[in-house]
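Down below is the structure, laid out as C-alpha cells.
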There are 2 protein chains.
Amino acid sequence: MAETTERRAAEAPTSKSARTRERILDAAAHVLSRKGYAGTRLADVAAHAQLQAPTIYYHFASRDELIEEVMWVGAARVHAHVVAELEALPAETSPLDRILTAVEAHLRYELLISDYTTASIRNANQVPEGLRAKAAAEEAAYARLWRDLFTAAMDAGQLRSDLDITVTRMLLLGAMNWAAEWWNPRHRTLDDLVRATQDMVRYGMAPATA
Amino acid sequence: MAETTERRAAEAPTSKSARTRERILDAAAHVLSRKGYAGTRLADVAAHAQLQAPTIYYHFASRDELIEEVMWVGAARVHAHVVAELEALPAETSPLDRILTAVEAHLRYELLISDYTTASIRNANQVPEGLRAKAAAEEAAYARLWRDLFTAAMDAGQLRSDLDITVTRMLLLGAMNWAAEWWNPRHRTLDDLVRATQDMVRYGMAPATA
DNA sequence: CATGGAATCTAACTAGAATTCGAAATCATG
DNA sequence: CATGATTTCGAATTCTAGTTAGATTCCATG
C-alpha cells in the first residue's frame, strides 16, 4: 500500500489544470461505476468534482472521451498493480503462491483503492463498441497475465491435472469481480474475503478426505 | 387496459393482449440485459417486440413499471427453477449433491433459458431504489435458499469445518453470475462450464495431495 | 355485414441532458 | 498593480426519448 501511495505521489499532477482534470476523472469513475454508461450524467460528474458541467469540456473533448479514458485507466491500473505485487515476490516463489498473491492484489485494488476498476468492470458490456478499443486491449493483456500464471502452475504440477484452466480462471475472476457488488466492509473485513478466496482456490469447499 | 393485477405471468398466454404483453416483457429483458437501466430505450424495446413505442403504454403504465416487472420476474424465475430441480431430487440426496444440483440449475437457467435473469443480475445495482423493492424481496428469498443449502452441508460435515460459508456462498454465486459476461457456447459447452464449476466447489484447484 | 370494444398507430408535446458560446473570474508574471 | 493567458461559468441551443392524445385498424360477436 505504501508502494501505491509512492507511485501516486510520483504521478501527482503538478499544474492546476492537471489536478482539475484528475478530479473530473475520479468523479466520472465514481458515477460510472454506480449509474452505468447511459446513466452517467455530466451534471452528476461535475457536482462530484465541485464544478459546473460545461467546465468538463475544457479538459475533455466530449462525454464519450471522458468515459473512454475512465474505462481504459481502470483496466490499466489493476493490471499495473497486480504486476507490481508479483514483481515484488522473491524469485523462487512457487506458481501457486503467485496466483494467490495475484488474487490478493486484484481484490485489494478493486475493492479498496479504485472506483476506476469497478467502473470498467461493470460497464464492459454496456459501453458502445467504439469506446472499448483501448480498454479491451488492456483487458486482453491482463487476461494473458492470468493465463500465464495458471499455465505455469499447471506445468509445475501445482494444479489438478484435469483442471480446465481456461474456465476456472474465468470463474475465479468472476468471483472476485462480483465481490464489488456485495462486499461490505461492515460485515466482513477485506482480509477475511481475501483468505476465503484463496482457500477456495486451494481447497475448494469439501474436506480433503471427501 | 389489460388487468395488471394478474399474477400468473409465466404460464401460457391465452388472449392476444396477454401474448403481446409477454412479447414486450421479453423484449425489455433482452434490451435491459444488454444496455442497462438508463440505456434501455422504449423505442428499442418496441422494435424487438415488433410494434411502436406508444403501444407499450397500453400494456404498462410507464417505462419504470415495465423495467420493475422484468427485474422481479428475472429473480423469481431462477429461484423457481432451482427450487423445482431440487424438489425433483430423491429425498436421500446428500446436502453437497444438492448444492451441485443447484449450481447446475442456476447456470443452465441463467445462460440458456433466460434474458430476464441476466437483466436482473446486471442491473441490480443500477436501477433506482424505488424499482428494486419487489426484486430485492425475491433475491432475499433466493439468498436464503442458498444459505440453507450451505448450512445443511456444513451440518452434515460435507464442507471444510473452517469454511466461511457466507463469503464462499457469495463467491460461488459471483462466479456463476459473471459467467453471463464471458461464456460463449462456441468456445465451451455449457456442460463443460457446469462441470468445471462443480469441480471447483468440490476440489478447488490444487491436487488433493498438496 | 354491422358494430363496438380492443389494440395499435401517427403526430405532437415536453423534459432532460449534451454541447456551444461568449462573458466573467482567476491566476501568474512583469 | 496591470495585463494577458488560463480556467470557469451562466445562458442559450439542439437533440433525444418518455409520454399523451386522438385517430385508425383489428377482431369477435349478434
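Quick note on labels: first sequence line is chain A, next is B, and so on, each numbered from 1.
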With sequence neighbours excluded, tell me which residues meet side chain to side chain donor-acceptor pair (under 3.5 Å) with A/Arg34. A/His30
For B/Tyr58 and C/dT8, is the shortest distance between a side-chain N/O and OP1 or OP2 below 4.0 Å? no
List for me each residue that meets ring pair (Phe, Tyr, Trp, His ring centres under 6.0 Å) alongside A/Phe150, sequence neighbours excluded, and say none if there are none. none
Over how many whole Å does the gap from A/Arg41 atom CZ to D/dT16 atom P extend? 15 Å
Taking salt bridge (charged side-chain N to carboxylate O under 4.0 Å, His left out) as the test, write out the residues that go with A/Asp162, two or more places apart. A/Arg160
Please state how far atom CG in A/Leu66 lies from atom P in C/dA17, giving the value in whole angstrom units. 16 Å
Donor + acceptor pair across side chains of B/Asp26, B/His48 (<3.5 Å): no
Nucleic acid footprint by protein, nucleotides 22-30 of chain C - heavy-atom cut-off 4.0 Å, B for base, S for sugar-phosphate alone: ---------
Starting from P on D/dC15, measure out to CG on A/Leu42 and report it in whole angstrom. 18 Å
Sorted by chain and number, sequence neighbours left out, side chain to side chain donor-acceptor pair (under 3.5 Å) with B/Asp164 holds for A/Arg188
Any side-chain N or O of B/Thr20 under 4.0 Å from OP1/OP2 of C/dT8? yes
Enumerate the residues from residues 123-131 of chain B whose closest heavy atom to DNA chain C is under 4.0 Å, giving them by residue number; use none for an empty result. none
note: A/Arg63, atom CZ; C/dA18, atom P; distance rounded to Å ~ 6 Å
Any carboxylate oxygen within less than 4.0 angstrom of a Lys/Arg side-chain nitrogen, looking at A/Glu181 and A/Arg122? yes
Which residues share a side chain to side chain donor-acceptor pair (under 3.5 Å) with A/Arg98, sequence neighbours left out: none
Contact list for DNA chain D against residues 47-55 of chain A - heavy-atom distance below 4.0 Å: A/Leu51, A/Gln52, A/Pro54, A/Thr55
By side chain to side chain contact (heavy atoms under 4.5 Å, CB included), which residues pair with A/Glu138, not counting sequence neighbours? A/Trp72, A/Ala75, A/Ala76, A/His79
Taking side chain to side chain contact (heavy atoms under 4.5 Å, CB included) as the definition, give me every residue that meets it alongside B/Ala124, ordered by chain and number, with sequence neighbours left out. B/Arg132
OH of B/Tyr57 versus P of D/dG22: gap in Å, rounded? 17 Å
For atom CZ of A/Phe60 and atom C1' of C/dT19, their distance in whole Å: 16 Å
According to side-chain hydrogen bond (donor to acceptor under 3.5 Å, both in side chains), does anything in residues 144-155 of chain A pair up with another residue at least two apart or in another chain? List the pairs. A/Tyr142-A/Trp146
A/Glu65 atom CD is separated from C/dA18 atom C1', nearest whole Å, by 15 Å
Side-chain donor-acceptor pair under 3.5 Å between B/Asp64 and B/Tyr37, yes or no? yes
Taking the side chain of B/His59 as its heavy atoms from C-beta onward, which of D/dT8, C/dT8, C/dT20 lies nearest to it? C/dT8
Choosing from C/dA7, C/dT8, C/dA18, which nucleotide comes nearest the side chain of B/Ser17? C/dA7
With sequence neighbours excluded, residues passing ring pair (Phe, Tyr, Trp, His ring centres under 6.0 Å) with A/His59: none
D/dC27 P sits how many Å from B/Arg19 CZ, rounded? 10 Å
